[in-house]
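Remarks on the structure that follows.
Naming convention: chains lettered A, B, ... in sequence-line order (proteins, then strands); numbering from 1 in each chain.
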Amino acid sequence: MIDNAVRDVFLEESKELLDTLDSDIVRLETSPDQDVMNRVFRSVHTLKGGSGIAGYDQVYEFTHGLENLLDLVRKGETQINAAMITLLLRSLDWIRQAVAAADGEECDIAVKEALQRDINACIGEVSAVKAGGTHDEKPRIIVPGKTDAHGNRYYHIRCAFNEDIFLRGIDPLMIMEDLRRLGTFIQRKINKKDVPNFDSLDPEKCYFSWEVVLKTEHTIEKVYEVFLFVHDDNDIVIRDITENYDPDSADARIAEKRIGEILLGKGVITENELNDVLNEQDQKNAKLGDLVVSKGYATEKDVEHALVDQEKIKKKIETGTVRVDTAKLDNLLNLLGEIVIGQSAISRLADDMSEEQSFMLKNALYGMERTTREFQEQLMSIRMIPIGPSFEQFRRFVRDVSHSLNKEIYLEIEGQDTELDKTVIERISDPLKHMIRNAIDHGIESPETRAGAGKPKSGKITLRAYHQEGNVFIEVSDDGGGIDRKEVRAKAEALGLVKHGEEIADAKLLQFLFLPGFSTTSQVGELSGRGVGMDVVKNNIESLRGSVEIETREKIGTTFRVKLPLTLAIIEGMLIRVGKSIFILPMLSIVESIRPRKEDVQTVEKKGELIRVRGEYAPLVRLYEIFGIESEHHNPWESLVVIVESAGVRLGIMIDELVGQQQIVIKSLDTAITNSRSVSGAAILGNGQVALILDVHGLLSEIMS
Amino acid sequence: MRYIAIIDDSPTMRASVMLTLKPFGYNVLQAQHGAEGLDVIQKAIAEGHEIALAICDINMPVLDGIGFINEFRKFDKFTPILVLTTESEQATIQKGKQAGASGWLIKPFKPDELIQSVERLIR
Amino acid sequence: MKLIELEDNTGIKNIHCLYSSLGEAIESNAEIVLDFRNVRRIDLAVAQVLIAAIRRAHGAGRIIKLQKVNDTIREQLVICGILK
Ligand SMILES: [Mg+2]
């Protein structure tokens with residue numbers, strides 16, 4: 001065995017060392033000589049090293065203390081004296097005896113400890129005695145960083161090596177290989193550009209640097225270990241960014257994609273085209289985007305889009321982040337709301353000034369408003385997060401529920417990068433779950449039925465998110481049999497919602513599905529009948545100022561399309577006046593404003609007052625009646641009527657005046673100012689007046705009931 | 001042939017290094033201080049052998065570790081050097097690196113620690 | 001076509017050999033084939049010379065082919081961004 005062989009060598013060596021030490025120490029007593037002193041120190045030092053390697057732990061520990069004492073003597077910090085010489089010689093005796101003892105454990109511990117006390121007394125560090133401590137147990141507290149749900153950690157590692165690192169006998173490539181062996185590089189940026197042109201290259205210098213994101217199960221200590229020999233004098237920065245990574249989201253897969261890869265991924269260019277351009281780029285050092293366009297592989301627009309995507313992706317992997325409590329953001333937004341109010345107050349003051357002064361002030365305010373708006377947008381963007389992770393959580397859900405129903409269903413996710421307000425994402429999760437459950441339960445047919453209809457046995461549910469015209473759309477689509485309109489119609493007739501033979505728009509008919517207790521399945525499913533819970537879904541979505549509609553095609557499938565505002569904190573509002581009160585209508589729900597003729601207004605039994613707009617009748621709402629306030633006009637044909645729409649249903653609202661359009665920062669959406677469903681929140685106006693924000697959905701349902 | 005040189009004044013240390021590396025297929029040359037190390041290495045090179053790695057102690061008689069590294073680097077710029085040192089010699093690690101040492105290993109070490117350090121430098 | 005067979009110990013210690021033979025080859029050959037059959041692994045110095053040479057060759061409308069590359073070297077080339 002190696003151990004025995006090493007031990008034999010040590011026995012031999014220690015004998016020699018101890019003999020030399022004996023005579024040297026005796027010599028020191030008579031003539032203190034620095035060379036002799038150094039040799040004594042080195043001998044003890046060597047004795048320590050050898051005993052450690054050969055496994056004589058007691059001797060190792062003992063010589064360690066002895067070495068410390070001799071170090072002080074060597075440096076002249078302690079004077080050698082007769083007592084010390086005696087102590088040293090007695091120490092040598094003990095070492096000799098301990099090494100001779102068969103296994104190093106039969107040595108006289110009591111003698112050793114007495115000697116150690118004396119040695120420590122000489123050093124002046126009595127407290128340093130460690131009973132039985134061995135050299136290799138260094139207590140270290142390691143707090144391993146957090147992992148994600150799969151036990152993975154993510155590290156951002158930047159390593160730029162010194163130009164002369166080869167001159168230290170180090171090959172950085174070995175280090176990178178070791179690093180890669182710890183896990184996988186999910187992002188890798190190699191700064192090849194720093195390698196000079198062939199002719200000006202000094203092949204003995206290092207030009208390389210890497211930036212990688214490593215996905216690994218190891219702790220950061222393990223990562224540091226890879227850089228053990230280089231991390232203190234090369235530019236090595238390791239950061240734990242596990243918190244920024246959710247492996248279930250698309251983020252982890254989106255590396256810092258280059259434009260080329262983005263274009264490739266989008267199918268704009270082919271792999272061959274990409275390789276071609278990359279080769280050219282290597283020679284010309286031109287921008288890849290320009291090359292792609294000049295070669296005619298893509299349009300400038302394609303490249304522009306790709307650049308935007310790249311920016312987004314970069315943003316996501318940007319790791320210099322600060323975590324901020326959302327309450328602080330809300331607070332900031334509220335304060336900004338106050339600023340906006342202040343601005344409109346100033347603007348109002350300007351109205352009373354001379355024309356020239358008013359113009360100048362308003363001009364100045366205009367610039368300020370732009371800044372405020374931008375500020376607001378920036379602030380809002382902080383609250384925006386991609387919906388991807390929220391979507392991904394449904395994979396498991398779809399799998400579990402479909403298995404329990406003996407269906408094979410595959411969930412497809414699209415638009416996971418779509419960003420929306422964090423609060424909206426949190427609150428849309430439950431309604432989405434409901435709709436997905438519905439699609440699994442009733443949308444997608446059993447495998448047998450599908451096979452009979454010539455469809456693939458496994459069904460598909462698609463979750464899709466996208467932005468359109470300042471809104472976010474989320475769709476839950478299934479490729480099932482579609483909703484049977486006849487059945488819906490029959491049910492609606494049975495419930496008295498529609499008369500037999502009465503014409504009804506498709507969208508309106510399907511909206512019945514969202515009514516409480518409306519179900520089209522004759523046999524109640526294990527989970528829920530279609531319709532059960534759908535009223536809850538609709539209410540939830542409406543409380544987010546959103547709407548939901550259904551699109552269904554027989555044998556092809558059904559899509560539930562949810563439309564949501566980008567954020568809950570700000571709306572584009574139209575200020576309307578009734579008497580002395582100001583209300584705010586969300587711009588998104590306004591269709592038009594009209595001055596009706598007398599003959600356009602009718603009162604229909606059970607349906608109340610209706611107003612005819614472009615050949616269709618819409619219910620008419622008198623706000624002064626609902627809120628019990630004054631109004632200048634009491635006849636619709638004398639006043640103005642704003643036509644609003646929600647989920648395909650229209651409504652006319654009687655008002656005295658349209659005051660103007662304004663961005664409204666909603667105050668305390670969650671604190672109910674009134675219990676009325678017609679009001680979704682409040683805002684403070686420039687003059688300090690509180691204006692209620694009308695909820696068109698709420699108004700509609702209040703009227704319907 | 002490719003050799004690893006171990007330069008240490010302690011026979012125990014040299015034996016330990018040699019006996020640990022041998023089973024891994026490394027050929028080992030030994031020297032008991034820096035000056036002998038330079039001799040042994042230069043002789044081996046003259047005979048057409050290659051030195052893949054030098055492992056050297058710091059505290060040695062005649063020519064110490066730092067002196068050895070300085071001299072060695074005069075005729076060999078790129079061969080890695082692993083310094084064997086002790087906890088009490090932290091400052092020498094810096095000196096060694098300035099002289100051109102590649103890495104270090106704290107004594108006493110276990111055989112697998114030595115193997116690991118060697119494999120950080122040569123493959 | 002110019003075939004360069006790399007020595008088994010190609011690396012930083014003899015990097016100038018590779019550097020100069022590649023330099024000459026690029027000057028006079030349309031196609032250069034680097035044969036790695038004797039090479040167990042490379043180091044970063046080799047990778048850097050390869051990158052600069054490939055770039056230079058492309059610039060001159062020439063190609064450098066790498067052949068008989070083992071798995072270790074393949075991974076090394078990937079880490080250095082020479083292979084995808
Ligand atoms: Mg020594």
field: Heavy-atom proximity to chain B below 4.5 Å, by part of A:Glu16
entry: neither
query: Side chain, backbone, both or neither: which part of A:Val226 has a non-hydrogen atom closer than 4.5 Å to chain B?
result: backbone
Contact leader toward chain B among A:Arg39, A:Glu13, A:Glu177, A:Glu204, where contacts are heavy-atom pairs under 4.5 Å: A:Glu13
- prompt: Has A:Arg7 got its NZ or CZ under 6.0 Å from the middle of the six-membered ring of A:Tyr56, at an angle within 45 degrees of the ring axis?
  reply: yes
message: Any side-chain to backbone donor/acceptor pair from B:Ser16 onto B:Thr12? Under 3.5 Å, distance only.
response: no
- request: Under 4.5 Å heavy-atom distance to chain B, tell me which part of A:Asp8 shows up: side chain, backbone, both or neither.
  value: neither
- prompt: Got B:Met18 and B:Gln30 here, is their nearest side-chain heavy-atom distance under 4.5 Å?
  reply: yes
query: So which heavy atom on A:Phe227 is nearest to which on A:Val223, and how close?
result: CD1-O, 3.4 Å
message: Can you tell me which portion of B:Leu82 sits under 4.5 Å from chain A's heavy atoms? Options are side chain, backbone, both or neither.
response: side chain
Structural part of B:Arg73 lying under 4.5 Å from a heavy atom of chain A: side chain
message: Below 4.5 Å, heavy-atom pairs only: which of B:Pro11, B:Gly103, B:Gly100 has the largest tally toward chain A?
response: B:Pro11
message: Below 4.5 Å, heavy-atom pairs only: which of A:Leu47, A:Leu228, A:Asp171 has the largest tally toward chain B?
response: A:Leu228
query: For the residue pair A:Phe229 and B:Trp104, does the interplanar ring angle fall in the parallel (under 30°), tilted (30 to 60°) or perpendicular (over 60°) class?
result: tilted
task: Measure distances from B:Lys97 to the heavy atoms of chain A and classify the residue's part below 4.5 Å as side chain, backbone, both or neither.
output: both
- request: Indicate yes or no for a side-chain donor-acceptor contact from A:Asp194 to the backbone of A:Phe208 under 3.5 Å, with no hydrogens or angles considered.
  value: no
field: Whether A:Tyr207 side chain and A:Asp202 backbone form a donor-acceptor pair below 3.5 Å
entry: yes
task: Report yes or no: does A:Asp71 contribute a side-chain atom to a donor-acceptor pair with the main-chain N or O of A:Glu67 at less than 3.5 Å?
output: no
Which portion of B:Thr79 sits near chain A, non-hydrogen atoms under 4.5 angstrom: backbone
Portion of A:Ile175 that has a non-hydrogen atom of chain B nearer than 4.5 angstrom: neither
